Structure formats: structure tokens, C-alpha cells
There are 2 protein chains.
Amino acid sequence: MDLNIPSFLRNQGIKASYQRIRIYEYLMNNRTHPTVAEIYNALITDIPSLSKTTVYNTLNLFVEKVLVEEVTIEGSEMRYDIKDPKGHGHFKCTQCHRIFDVPIQIEKIFTEELSEFQVQAQFVHFVGICPDCLKKNS
Amino acid sequence: MDLNIPSFLRNQGIKASYQRIRIYEYLMNNRTHPTVAEIYNALITDIPSLSKTTVYNTLNLFVEKVLVEEVTIEGSEMRYDIKDPKGHGHFKCTQCHRIFDVPIQIEKIFTEELSEFQVQAQFVHFVGICPDCLKKNS
DNA sequence: TTTCATCTTGGACTCATTACAAGTTTATCA
DNA sequence: TGATAAACTTGTAATGAGTCCAAGATGAAA
Ligand SMILES: [Mn+2]
Ligand SMILES: [Mn+2]
Ligand SMILES: [Zn+2]
Ligand SMILES: [Zn+2]
């Protein structure tokens with residue numbers, strides 16, 4: 001499923017600048033929920049003129065156009081994730097600080113009390129210790 | 001269940017200073033998930049010497065001692081909530097910006113894939129429009 | 001190639017939070 | 001009492017993620 005990023009972006013009503021293509025491509029290839037600083041540091045060697053503001057602008061645009069989702073989880077920096085139409089939760093390991101994807105049964109979360117609310121988005125996340133770190137500890 | 005806050009704090013290993021008592025009391029009486037600024041502004045008339053740093057220090061201490069929980073939900077300011085041993089989720093209304101408590105069936109969220117992880121905490125939140133605002137809109 | 005809208009850039013700025021050092025309170029004990 | 005020290009509070013300065021803005025670059029259309 002070899003995605004052509006430039007035409008994909010244009011289909012979403014986004015002008016496919018070089019910076020935007022490279023940022024989207026980075027998110028596709030690095031499903032680690034990177035921060036702005038991580039994205040910027042990864043691309044700056046290839047794109048020496050890149051500005052942090054452009055990374056912010058581009059991510060905000062992608063979020064607005066629903067190509068990308070913000071992941072708010074423990075810590076002071078926002079993280080970014082390619083939009084998953086199915087939706088999934090996250091698990092943050094307190095030892096290695098990695099963030100794992102967790103499949104979620106969204107329907108099961110809804111409770112009676114929410115019936116009067118119009119829910120537009122839902123977020124689930126866990127904090128704890130991942131299997132790798134549990135092994136290392138023992 | 002008329003709680004004696006000073007002795008409650010001492011039981012938790014926390015010295016019951018006047019500031020700490022008033023901040024805890026405020027959180028007990030205002031289950032609105034207030035920000036630091038809201039707590040500070042509410043108490044500054046009663047305690048003119050109160051410092052914002054004290055509010056930060058106190059809340060961080062309460063979080064460490066598990067008397068209070070941080071609520072991270074949309075927006076740049078941290079919010080605080082008296083610790084609920086049962087646990088509950090939150091719903092943020094995009095129109096009136098209120099944050100509602102939502103009872104959650106935590107067990108139902110757990111998926112097969114989490115079985116190898118040691119989960120220490122879980123967070124669920126929703127974003128959408130609350131019943132009051134839905135009525136106003138129609 | 002000219003034009004005009006859109007993008008990118010970097011530096012200034014904002015604002016929530018933390019760090020720090022000096023002053024205050026409180027508990028303990030001579 | 002008074003002395004001593006630990007813990008707490010306070011105000012100011014510093015940090016740092018994110019935004020604003022104005023000037024320059026890009027690129028599609030005519
Ligand atoms: Mn993810
Ligand atoms: Mn709550
Ligand atoms: Zn780990
Ligand atoms: Zn509302």
C-alpha cells in the first residue's frame with residue numbers, strides 16, 4: 001500500500017510543500033508518537049532551513065484536517081500520531097518512557113450516564129510498566 | 001461525613017499548614033476540576049499572603065501522596081481533582097468548557113493485549129457537547 | 001514574466017510551571 | 001523560657017513549550 005504522499009495531501013486539501021511531505025512521511029515511518037522536538041531534530045539534517053515553527057504549523061494543520069491526532073500523555077510536550085480511523089488507546093511505560101498502542105473496545109467504555117451527551121472524541125490511556133521492562137527488572 | 005482536614009492530612013504524613021488545609025478544603029468543596037489559577041484566585045482574598053508557588057507545591061505534594069489526581073484534558077493548564085479510589089472518567093464540553101465526571105467500567109476497557117503489561121493507572125476522557133449546551137443549541 | 005496567494009522562517013513573545021534563596025513558622029529540647 | 005533546626009512559605013527569576021508576526025521565498029495561474 002505504497003502511499004503517494006503528495007497526492008494524498010492534495011486530496012485532503014493541503015498544498016504539498018516539501019516540508020509537509022517530509023513531516024507526514026516521518027510520522028508514517030515512525031509510529032512512536034514523537035514530539036515536535038523529535039520530528040524537528042530528525043529532519044533538520046536533511047532540511048537545514050527547517051524551522052520549528054513550520055513543524056508546529058504543519059502538525060496543527062494536519063490535526064485540523066484530521067490526518068494526525070494529538071496524544072496527550074504524561075509530560076510537558078505534545079505528541080503526534082497518524083490518525084487511526086478505528087481509534088486506539090495508549091500505554092506509557094514509566095521506565096523506558098515508550099508509548100505503546102493498545103487496541104480498545106470503545107463501545108464498551110460508554111456508560112448509561114453518557115447517553116445525554118454528544119460524544120465527539122474519546123481518549124484512553126494507561127500508565128505502568130511494559131513487558132520488556134518487567135523482564136529486565138526480574 | 002464531616003471530615004476533619006487537619007487530622008486527615010496528618011494521617012497522610014502531611015504537616016497541616018493553614019495553606020494546605022485551605023487548598024484541600026477548596027478541592028473538597030469545588031469538584032469542578034479547578035486550575036492552579038482558579039484555586040489561587042479563590043483563596044487569595046482570604047489569605048492575602050498566599051503565593052502561587054505554594055499552590056503548586058501543595059498540589060504536587062498532594063498528588064505525590066495520592067490525595068489528589070491531575071486531570072489532563074484539552075488546554076494548557078493542569079487541573080486537579082480529589083482522588084477517587086473507585087476512579088472515574090471525564091467529559092469536557094467544547095461549548096461551556098465544563099468538565100463532568102463520568103462513571104467508568106474500568107474492567108471492560110482492558111484488552112487481551114494488555115495482559116503482559118503492569119497497569120498502574122488508567123485514564124478515560126471524552127470531548128463533545130453536554131446536555132445543557134445541546135438544549136441551548138436547539 | 002508578472003501577479004497574488006500561500007508557505008516558510010526566525011526572532012520576539014506568552015504563559016504555565018519550576019528553581020532558588022531568603023524569610024517565617026513550628027516542634028523539640030536545654 | 002530561649003536556642004536550634006527542620007519544614008514551610010513567599011517572591012522573583014528562570015525555563016521551556018508553544019504562538020505570533022513580519023519579512024522573504026515559493027509556486028500556480030494568467
Ligand atoms: Mn498511537
Ligand atoms: Mn473528576
Ligand atoms: Zn518499558
Ligand atoms: Zn456545555
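No hydrogens, no waters, no symmetry mates; every other heavy atom, side chains included, goes into these values. Bear in mind the structure is a predicted one, so any value in this text is a computation, not a measurement.
The distance between atom CE of A:Met78 and atom P of C:dT17, rounded to the nearest whole Å, is 13 Å. The nearest whole Å value for the distance from the CZ atom in A:Arg79 to the C1' atom in D:dA17 is 13 Å. Rounded to a whole Å, the CZ atom of A:Arg20 is 9 Å from the C1' atom of C:dT8. Here D:dT19 presents its P atom at 10 Å from CG of A:Leu59, a figure rounded to the nearest Å. In this structure, A:Lys65 atom NZ and C:dC7 atom P are separated by 9 Å, rounded to whole Å. Here the P atom of nucleotide C:dT8 and the CG atom of A:Leu43 are 13 Å apart, to the nearest Å. For the pair B:Lys15 NZ and D:dC8 C1', the interatomic distance rounds to 7 Å; values are reported in whole Å. Between B:Ile21 atom CD1 and D:dC8 atom C1' there is a gap of 13 Å when expressed in whole angstrom units.
Between A:Phe123 and B:Phe123, the distance from one ring center to the other does not fall under 6.0 angstrom.
Donor-acceptor pairing under 3.5 Å is recorded for the side chains of B:Tyr18 and B:Arg22.
Mapping A:Thr53 and B:Tyr18 onto DNA chain D by nearest heavy atom places B:Tyr18 at the nucleotide closer to the 5' end.
Look at B:Asn60 and you'll find a side-chain N or O under 4.0 angstrom from OP1 or OP2 of C:dT18. Between A:Thr54 and C:dT9, a side-chain N or O to OP1/OP2 separation shorter than 4.0 Å is present. A:Gln19 has no side-chain polar atom (N or O) that falls below the 4.0 Å cut-off from OP1 or OP2 of D:dT26. Checking the phosphate oxygens (OP1, OP2) of C:dT8, a side-chain nitrogen or oxygen of A:Ser17 falls inside 4.0 Å. Between D:dT10 and B:Ser49, a contact under 4.0 Å exists linking OP1 or OP2 to a side-chain N or O. Here B:Tyr56 does not reach the OP1 or OP2 of C:dT18: none of its side-chain N or O atoms lies under 4.0 Å away.
The base of D:dG16 lies outside donor-acceptor range of the side chain of A:Ser76, with no N or O pair under 3.5 Å.
Ring geometry for B:Phe117 versus A:Phe100: interplanar angle over 60°, hence perpendicular rather than tilted (30 to 60°).
The backbone N or O of A:Asn4 lies less than 3.5 Å from a partner atom in the side chain of A:Ser7, making a donor-acceptor pair. Side chain of B:Ser138 to backbone of B:Lys135: a donor-acceptor contact under 3.5 angstrom is found.
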